[in-house]
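Report on the following structure.
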Amino acid sequence: MFKTRLLSGIVLVILALIFIIHGGPLLLTVAAIISVIGLFELYRVLKVEKSVGIAGYAAAVVYYLNLQFGFIPNIMLLIMALLLVCMCFFVFGYPRFHASQVMGVFFGFFYVAVMLSCIYLTRELAGGTYLVWLIFLSSWGCDTSAYCFGMLFGKHKMAPKLSPKKSVEGAVGGVVGAAVLTIIYGFIFRNGMDASVPYIMIMAGIAAAGALFSMVGDLAASAIKRNYDIKDYGKLIPGHGGILDRFDSVIFTAPVIYFLSLYIIIMI
């Protein structure tokens with residue numbers, strides 16, 4: 001199991017390198033595909049993957065196409081349209097669908113498609129070629145650091161009902177680890193970024209903030225699974241589960257890194 005998980009993890013990292021370094025329409029397309037698969041996994045849990053969920057898939061595709069072509073002048077039009085379509089399913093299909101299922105479709109659009117799109121949006125920022133990696137340093141880096149620190153020093157449970165193995169000490173180690181990894185990353189690529197030491201320290205602070213939210217993302221995904229009594233969202237990635245099992249922390253980290261990076265670019 002460990003070997004399978006390690007090998008699939010290596011493949012994921014290689015693919016991430018290829019798609020993110022290339023950026024542009026290729027990264028946008030990959031993000032859209034991942035989002036639709038993630039939506040399918042979530043909607044399958046809600047048992048609407050072949051009914052109301054179709055509205056969610058369509059909204060995600062339109063949303064990503066709009067990021068490329070900008071044909072919708074106000075994104076609120078898409079959001080309102082999705083809500084209206086979901087409610088039409090609910091009303092005219094009553095009592096086939098429960099309110100929680102319909103609301104889950106609407107929620108999933110934001111939770112998966114919109115939040116994951118921040119990977120692409122971060123890559124498109126000025127300096128995004130380098131800033132986008134903070135998303136993964138503060139999610140996957142935090143996860144690895146938290147695991148190591150938790151194994152060595154973990155004593156106090158962080159969320160015993162959701163994830164009994166996660167500790168407060170591990171969480172602290174994860175945040176510190178993400179910041180340290182970002183500092184190392186910043187100094188390695190300092191010349192390419194044309195970054196000063198204070199800028200690298202700010203990057204580390206952004207990564208630390210992202211790491212905090214990455215743990216919330218991990219626990220949020222676990223909470224949903226516990227509510228519906230499932231172990232994994234899918235089996236797409238050997239040793240890891242589904243898209244939502246592997247990208248649960250990235251989903252929360254991506255928008256945090258995007259908006260904090262955007263703020264810093266405006267201010268500096």
Side-chain angles (χ1 to χ4, degrees), residues 1-6 8-9 12-13 38-47 98-101 103-104 106-108 110-112 114-116 118 134-182 204-257 260:
M1 183 65 175
F2 175 76
K3 184 179 179 181
T4 302
R5 186 178 176 87
L6 177 63
S8 61
L12 278 176
V13 170
L39 280 175
F40 176 79
E41 292 176 351
L42 179 62
Y43 293 164
R44 182 170 54 192
V45 172
L46 299 174
K47 295 181 171 56
H98 192 275
S100 61
Q101 292 176 302
M103 289 186 284
F106 189 69
F107 160 78
F110 291 95
Y111 175 57
V112 182
V114 175
M115 293 178 80
L116 276 178
C118 289
L134 298 187
I135 294 172
F136 301 96
L137 286 169
S138 59
S139 53
W140 296 348
C142 172
D143 185 47
T144 303
S145 299
Y147 176 79
C148 294
F149 272 79
M151 289 290 291
L152 292 171
F153 309 109
K155 291 182 179 180
H156 302 88
K157 302 297 182 183
M158 182 171 68
K161 292 185 178 180
L162 277 179
S163 187
K165 294 182 179 180
K166 284 183 170 58
S167 65
V168 174
E169 292 81 3
V172 173
V175 173
V176 173
V180 171
L181 287 171
T182 302
I206 291 175
L212 285 170
F213 282 95
S214 77
M215 290 182 282
V216 177
D218 185 18
L219 292 170
S222 296
I224 294 172
K225 287 190 285 188
R226 285 185 179 275
N227 276 175
Y228 289 91
D229 195 27
I230 59 171
K231 185 178 184 296
D232 293 315
Y233 283 102
K235 299 179 180 179
L236 182 65
I237 307 171
H240 293 271
I243 289 294
L244 295 183
D245 295 298
R246 180 64 276 183
F247 288 84
D248 51 4
S249 58
V250 174
I251 286 172
F252 272 57
T253 304
V256 173
I257 299 302
L260 288 179

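- Taking OH of Y228 as the reference point, atom CZ of R44 lies at 14.5 Å (rounded to 0.5 Å).
- Residues satisfying the ring pair (Phe, Tyr, Trp, His ring centres under 6.0 Å) criterion with Y43, sequence neighbours excluded, are Y57.
- Between A211 and V175, the shortest heavy-atom contact is CB-CA, 4.0 Å.
- The shortest non-hydrogen separation linking R246 to D143 is NH2-OD2, 3.9 Å.
- Minimum heavy-atom separation, A208 to A179: CB-CB, 4.4 Å.
- Taking SG from C142 and CZ from F149, the interatomic distance works out to 11.0 Å, rounded to the nearest 0.5 Å.
- Smallest separation of non-hydrogen atoms from A207 and A178: CB-O, 4.0 Å.
- One distance of note links OG of S100 with CE of M103; it measures 6.0 Å at 0.5 Å rounding.
- Between T253 and F136 the shortest side-chain heavy-atom distance does not fall below 4.5 Å.
- For the pair E41 (side chain) and L244 (backbone), a donor-acceptor distance under 3.5 Å is present.
- Listed by chain and number, the residues in a ring pair (Phe, Tyr, Trp, His ring centres under 6.0 Å) with Y111 are F107 (sequence neighbours excluded).
- By the side-chain hydrogen bond (donor to acceptor under 3.5 Å, both in side chains) test, S163 is found to be paired with K166, residues two or more places apart in sequence or in another chain being considered.
- For D229, the CG atom counts as loosely surrounded, since its 6.0 Å shell holds 12 or fewer non-hydrogen atoms of other residues, nucleotides or ligands.
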Original post:
Given S145 and L181, is the side-chain contact (heavy atoms from CB on, under 4.5 Å) satisfied, shown in steps?
Top reply: CA-CA 10 Å; S145 299; L181 287 171; 4.3 Å; yes
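- Among residues at least two apart or in separate chains, there is no side chain to side chain donor-acceptor pair (under 3.5 Å) pair with a member in residues 206-215.
- Applying the salt bridge (charged side-chain N to carboxylate O under 4.0 Å, His left out) definition to pairs two or more places apart or across chains, those involving residues 233-245 are K225-D245.
- Nearest heavy-atom pair, S138 versus I257, reported as atom, atom and distance to 0.1 Å: OG-CD1, 3.8 Å.
- Here the OG-NZ distance, from S222 to K231, works out to 11.0 Å after rounding to the nearest 0.5 Å.
- Considering only residues two or more places apart in sequence or on other chains, E169 meets the side-chain hydrogen bond (donor to acceptor under 3.5 Å, both in side chains) condition with H156.
- Once rounded to the nearest 0.5 Å, the distance linking CD1 of I243 with CG of L39 reads 11.0 Å.
- When each of Y233, W140, F252 is tested with F247 by the rule side chain to side chain contact (heavy atoms under 4.5 Å, CB included), just one qualifies, namely W140.
- The minimum heavy-atom distance linking D248 with A221 is given by the pair CB-CB, 3.5 Å.
- Interatomic distance, I224 CD1 to L162 CG, rounded to the nearest 0.5 Å: 10.5 Å.
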